[in-house]
Chemist: 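A single structure is presented below for examination.
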Amino acid sequence: MSIRLRFAPSPTGDLHVGGARTALFNWLYARHMGGKFLLRIEDTDRERSTEAAVQAIFDGLKWLGLDWDEEPLFQHTRQEAHCAAVARLLETGHAYRCYCTAEELEQMRAEQRAHGGKPRYNGRCRHRTDAPDQPFVVRFRTPSEGMVGFDDLIKGRVAVANEELDDLVLQRSDSTPTYNLAVVCDDAEMGITHVIRGDDHVNNTFRQLHLYEALGLKAPQFGHMPLILGEDGAKLSKRHGATSVFEYARLGYLPAAMRNHLARLGWSHGDQEQFTTEELVAAFDIKDVGASPSVFALQKLDSLNGWYLRNGDLDEVTDLFADFLQQEAIPIEVDHDSARLRRIVESQRERTATLKEMAEKSDYFFREEIDLDEKAAHKHLRPVVLAPLRELRDTLAALPAPLTAEGVKPPFEAILERHGLKMGKLAQPVRVALTGGGISPGIYDVIEIIGKERCLTRLDAAIAYVERRAEHP
RNA sequence: GGUCCCAUCGUCUAGGGGUUAGGACGCCGCCCUCUCACGGCGGAAACAGGGGUUCAAUUCCCCUUGGGACUACCA
């Protein structure tokens with residue numbers, strides 16, 4: 001029988017990095033084993049769940065390249081089944097009605113805390129036989145003795161004494177089901193065989209194991225992944241900066257890089273650092289997932305992203321860059337010349353880590369006008385380069401458009417030779433003239449990409465600048 | 001506080017009773033070079049501490065310490 005895994009987020013916000021990794025590991029394991037990867041939207045809390053968040057989760061998964069099988073199950077549509085399960089537990093004595101009010105519970109916990117004990121429900125309504133006409137919740141009658149345990153796919157044997165667990169609420173006073181009950185019913189209904197989720201769920205697993213037992217259902221296998229930590233060592237959260245996968249998309253990270261980085265958090269395969277999706281699927285095994293938490297390091301993501309930028313298919317990266325420019329509404333001239341964009345990407349991807357950086361550093365390719373960086377201009381646009389600059393200007397003017405890197409190289413070198421200049425002596429001034437600053441791709445590429453007309457305009461401006469300097473030193 | 005989990009360079013990690021403890025990111029140096037990068041070469045950098053077990057522990061066990069998670073009528 002093929003295995004069935006699921007990702008079950010609650011739709012209360014964007015897909016965050018932690019959830020993305022959980023989804024990725026489930027997806028990888030399912031694909032590796034030739035099983036199914038399902039989606040379930042845990043929206044039993046109707047107050048906090050939103051339609052937009054559901055869409056955001058779908059979009060986030062798609063962005064990461066994680067596809068799912070079958071129709072996503074919306075948990076709120078299963079309420080009837082959940083209630084039936086509660087009724088069954090009530091009948092079999094595995095559950096009971098609790099009439100304690102929120103105030104009473106709060107007081108109960110306050111007292112326990114005051115006595116140094118752990119705040120938990122004390123089972124006050126466990127044995128009551130009356131049925132007052134008051135609101136009630138249904139609680140699970142947790143075994144008071146013995147242990148619950150399981151062999152975790154990642155951690156190994158994990159167990160706890162039953163007395164540490166209190167009687168959890170299965171059904172709220174408005175008769176809606178709570179998380180643990182719904183999860184058990186739905187995982188069973190969906191035929192889930194392996195539950196891979198975050199470490200923060202181990203406590204729930206103990207409770208859920210009891211529910212499986214009481215309901216007479218077969219429990220799946222569990223694997224709890226260590227959490228992702230922020231750079232300060234605490235569980236990754238909003239206060240660590242970007243946590244939503246969309247934020248990373250907006251920062252110019254590629255899905256492939258994010259996928260790779262997330263996969264390498266807690267999982268490894270020998271010394272291999274970069275993986276194609278196919279390699280990831282082939283190599284991934286839940287047995288190789290480590291048990292210790294890991295820090296989400298942006299620097300590593302950056303280097304990985306740079307790698308994918310450089311080594312990805314040029315056309316694909318160009319498309320990604322075009323989408324990025326459009327989404328971020330980078331003020332570029334409306335330019336549908338994809339060949340030119342392709343050249344920009346080709347020359348910039350060797351020197352940038354993100355699409356965002358690529359966009360920022362390509363400013364002078366997109367703008368009509370450029371500003372000369374004061375310091376760079378002062379350093380490189382000096383009277384000594386006036387002659388070669390003028391010569392280059394006239395040489396380019398005489399060349400047929402469009403200018404190409406290859407075509408520009410010989411005359412450029414000829415000018416160098418005539419003036420007895422080293423490459424750097426002219427390249428830097430030209431670079432400043434054309435880009436405004438001292439940093440850019442190779443100068444021939446820059447000339448080609450900027451194009452003849454603009455090169456002439458910018459060269460003229462630079463020449464004028466030098467002339468002014470020569471007149472007023 | 002209680003319960004559960006975790007512990008190899010700063011970070012992600014490989015390894016595993018006997019190794020010069022390996023790789024990657026970052027950092028430093030050199031090379032390449034028209035700038036910045038890329039690339040290449042080299043370097044600094046780790047088995048938390050204490051007890052056992054053993055001929056031999058970084059590796060197995062225990063304790064300590066440190067870190068994290070959970071402790072809702074949220075999921």
Chemist: Do A:Arg78's NZ or CZ and the ring of A:Phe74 fall within the cation-pi criteria of under 6.0 Å and 45°?
Modeler: no
Chemist: Would the base of B:C38 count as contacting A:Arg310 through its side chain, where contact means a donor and an acceptor less than 3.5 Å apart?
Modeler: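 Per atom types, no contact qualifies.
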Chemist: Could you give the distance separating B:A57 and B:G50 at their C1' atoms, to the nearest angstrom?
Modeler: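 Pairwise C1' distance, B:G50 against B:A57, rounds to 14 Å.
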Chemist: Could A:Arg139 and A:Tyr96 be counted as a cation-pi pair, given that NZ or CZ must be under 6.0 Å from the ring centre and within 45° of the axis?
Modeler: no
Chemist: Partner of B:U19 by Watson-Crick or G-U wobble geometry, both contacts under 3.5 Å, or none?
Modeler: none
Chemist: Go through it in stages, so that I can follow the logic: the residues are A:Asp152 and A:Arg157, the test is salt bridge (charged side-chain N to carboxylate O under 4.0 Å, His left out), and I'd like the CA-CA distance, side-chain angles, deciding distance and then a yes or no.
Modeler: CA-CA 6 Å; A:Asp152 192 281; A:Arg157 186 73 191 171; over 6 Å; no
Chemist: Taking atom types as they are modelled, would you say the side chain of A:Lys155 forms a donor-acceptor pair with the base of B:C5 within the 3.5 Å cutoff?
Modeler: no
Chemist: Taking pairing as Watson-Crick or G-U wobble with both contacts under 3.5 Å, can you name the mate of B:A56, or confirm there isn't one?
Modeler: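 Pair assignment: B:A56 / none.
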Chemist: I need the CZ-P distance between A:Arg351 and B:A37, as an integer number of Å.
Modeler: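 Atom CZ in A:Arg351 sits about 10 Å away from atom P in B:A37.
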Chemist: Do A:Arg124 and A:Glu104 meet the salt-bridge criterion of a basic N to acidic O distance under 4.0 Å?
Modeler: yes
Chemist: Would you state whether a donor and an acceptor, one from the side chain of A:Asn204 and one from the base of B:A75, lie under 3.5 Å apart?
Modeler: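 Pair found.
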Chemist: Measure CD/A:Gln208 against P/B:C70 and give the value in whole Å, please.
Modeler: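 So the CD-P distance, A:Gln208 to B:C70, works out to 15 Å.
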Chemist: Return yes if the base of B:G23 and the side-chain atoms of A:Glu273 contain a donor-acceptor N/O pair under 3.5 Å, otherwise no.
Modeler: yes
Chemist: Looking at A:Arg40 and A:Asp187, does any basic side-chain N land under 4.0 Å from a carboxylate oxygen?
Modeler: yes
Chemist: Rounding to an integer number of Å, can you tell me how far A:Asp199 CG sits from B:U3 P?
Modeler: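 In whole Å, B:U3 P lies 18 Å from A:Asp199 CG.
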Chemist: Is there a residue in residues 15-27 of chain A whose heavy atoms reach under 4.0 Å of RNA chain B, and which residues are they?
Modeler: none
Chemist: Does the structure show a Watson-Crick or G-U wobble partner for B:G42, both distances under 3.5 Å? Name it, or say none.
Modeler: B:C28
Chemist: Any chance you could list the contact pattern along nucleotides 44-49 of chain B? Use B for base contacts, S for sugar-phosphate-only contacts and - for none, protein heavy atoms under 4.0 Å, 5' to 3'.
Modeler: ------
Chemist: Could you tell me whether A:Glu391 and A:Arg418 have a side-chain N and a carboxylate O separated by less than 4.0 Å?
Modeler: yes
Chemist: Please confirm whether any donor atom in the side chain of A:Ser173 sits under 3.5 Å from an acceptor in the base of B:C73, or the reverse.
Modeler: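 Donor-acceptor pair under 3.5 Å: yes.
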Chemist: What is the base-pairing partner of B:G1, counting Watson-Crick and G-U wobble geometry with both distances under 3.5 Å?
Modeler: B:U71
Chemist: Of all the heavy-atom pairs spanning A:Pro135 and A:Tyr99, show the shortest one and how long it is.
Modeler: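 Minimum heavy-atom separation between A:Pro135 and A:Tyr99: O-CD2, 3.7 Å.
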Chemist: Could you state the NZ-C1' distance from A:Lys379 to B:C34, rounded to the nearest angstrom?
Modeler: 13 Å
Chemist: Tell me whether A:Arg207 is salt-bridged to A:Asp166, with the criterion being a basic N under 4.0 Å from an acidic carboxylate O.
Modeler: yes
Chemist: Grab the two heavy atoms, one from A:Ser440 and one from A:Tyr364, that are nearest each other, plus how far apart they are.
Modeler: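 Nearest heavy atoms, A:Ser440 then A:Tyr364: CB-OH, 3.3 Å.
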